[in-house]
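Here is the structure we will look at.
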Amino acid sequence: MSPQTQRIQFAHGFRGSLTLPGDKSISHRYAMLAGLAEGTSHLSNFSTGADPHSTLACMEALGAQVVRTEERTVTITGVGGSFRQPTAPLDCGNSGSTMRMLSGLIAPHPHTFTLIGDASLSQRPMERIRKPLEQFFAGGQGSINLSDGHAPVVIHGGPLSGMSFDALIPSAQVKTAVLFAGLQATGLTTLTEKIRTRDHTEHALRAFGAALTRSGETLSISGPQTLHAINATVPGDLSSAAFFLCAALLFPDSHLVLDALGMNPTRAALLDVVTALGARMKVLSVEEQHGELIGTIQVNADPVPRSRSQQPLEISGALTAQLIDELPILAAIAPYTASGIRVRDAKELRVKESDRIDLIARNLRAMGATLTEVEDGLDVPGNQRLHGAEIDAGGDHRIAMAFAVAALRAHGDSLILGAEHAAVSFPEFFTHLNTLSLR
Ligand code: S3P
């Protein structure tokens, strides 16, 4: 990726309609399960982001056949249950999802795997997957080794025995690693999550033919089970849509229609929050495919009230976990809202692709905003006026996109340094932002 700077100017409105590329989380899961399954899966509207393409490259290295047939369509012929020994380290790029979820998928296979990543991924915590995988290996020949809690992740695969795991950190990636391993382990695996995280893995496993159950906070899966190929369309990515939904909120008379959008209830808290901040939202249609809800929504916003001061909108507890990828954009636009926001229980934001709390605070201050940063969150008051600034994306796709949206309402131009990182999840972002912004 060559470094890129994007200049963002003040906009007067935000209007248009769009179909978003496929959801990043679902694309990863479909790619991994299709790679393990028997038969050929056809996946349309696959994510265009670099991260799910890192997963596809890993699946090829593990023996799956991947054909990228036309734009956003991918055909994957799986290995029918047996991955091969890769000839080189599995390169996960910037993708924590690839590294963590794939570790669970490959652990039962009798090879040695080394998973590597870029500089950002190599600093992210991996102990959270080592612990449960060690439990699966209990007493057997397999092992998993890290370098001081980080990548490279070296897995000596071997037979797994079902086990019980209490998820202390709310993480869908860790849950997925456990369920993918449990699928191939002998006996019963249970996982208890106190805070419910996105449930794409549960839907995807069922779509590929696996049986698993949920009772309250506990998921149960018995192994080993075999998977069968599917034909599926990946729903549009709601976390990518979030940037445009929040942009629409900032302009009087805005109008945005998004179709074929993923509206899974464990991801859709954003729609409530954007409504609470002043948008008017209509669901024009909704249907279910492979357990996932896909719909068309229309969003309009009224002028942002400047005078009323209200209680800040509170995002904490389980809501924080559901909005974890949308917190950068919500915080970046919070100064323009009437109420502002108060975010708590968001310590996980400090170990994402960057320390997002620190970068949000630094970039908002560069734009002239007043805010308070705490260890696990931020207080960003509303009713503020911002000016254009040089924004440091810090190598983080969501920071680059969040501040490009904030810059639309700032007085004076902004420069987004590191804009190329948007390609990690949403390469078309700046093109769409330009088309939808009225100048
Ligand atoms: C993801 C889970 C979340 C999220 C990430 C994608 C997933 O990470 O931030 O962008 O696809 O399961 P954690 O599991 O670390 O919370």
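Side chains are part of it too, since the values below use all heavy atoms of this structure and drop only hydrogens, waters and symmetry mates. All ligand and atom numbering here is 1-based and tracks the order in the structure.
Residue-ligand proximity, K24 to ligand 1, at heavy-atom distances under 4.0 Å covers atoms 10 (O). Below 4.0 Å from some heavy atom of R100 lie the following atoms of ligand 1, by number and element: 15 (O). Listed by number with element, the atoms of ligand 1 under 4.0 Å from a non-hydrogen atom of S171 are 13 (P), 14 (O), 15 (O), 16 (O). Close contacts of ligand 1 with I324, meaning ligand atoms under 4.0 Å from a residue heavy atom, involve 9 (O).
In the model, R198 has a side-chain atom that pairs as donor or acceptor with a side-chain atom of S25 under 3.5 Å. A donor and an acceptor atom, one from each side chain of S47 and S27, are nowhere located under 3.5 Å apart.
Evaluated by nearest non-hydrogen atom to atom 7 (C) of ligand 1, the leading choice among H200, H28, R29, E348 is R29.
On a distance-only criterion, T176 and ligand 1 share no N/O pair closer than 3.5 Å. Any N or O atom pair closer than 3.5 Å counts here, and S25 shares at least one such pair with ligand 1. Considering backbone and side-chain N/O atoms, A172 comes within less than 3.5 Å of an N/O atom of ligand 1.
For residues 27-71, the pairs satisfying ring-ring contact (aromatic ring centres under 6.0 Å, His included) are F46-H53, with sequence neighbours left out. For residues 88-138, the set of pairs meeting the ring-ring contact (aromatic ring centres under 6.0 Å, His included) definition, not counting sequence neighbours, comprises F83-H109, H111-F113.
A salt bridge links E375 to R350: at least one charged side-chain nitrogen sits closer than 4.0 Å to a carboxylate oxygen.
For E127, the CD atom sits in a packed shell: over 12 heavy atoms of surrounding residues, nucleotides or ligands are nearer than 6.0 Å.
For atom 13 (P) of ligand 1, the nearest protein heavy atom (residue, atom name, distance) is K352 NZ, 3.4 Å. Ranking the protein heavy atoms by distance from atom 10 (O) of ligand 1 puts D325 OD2, 2.8 Å first.
Ring-plane geometry between F243 and F429 is classed as perpendicular, the angle between the planes exceeding 60 degrees on a 0 to 90 degree scale with a lower cut at 30.
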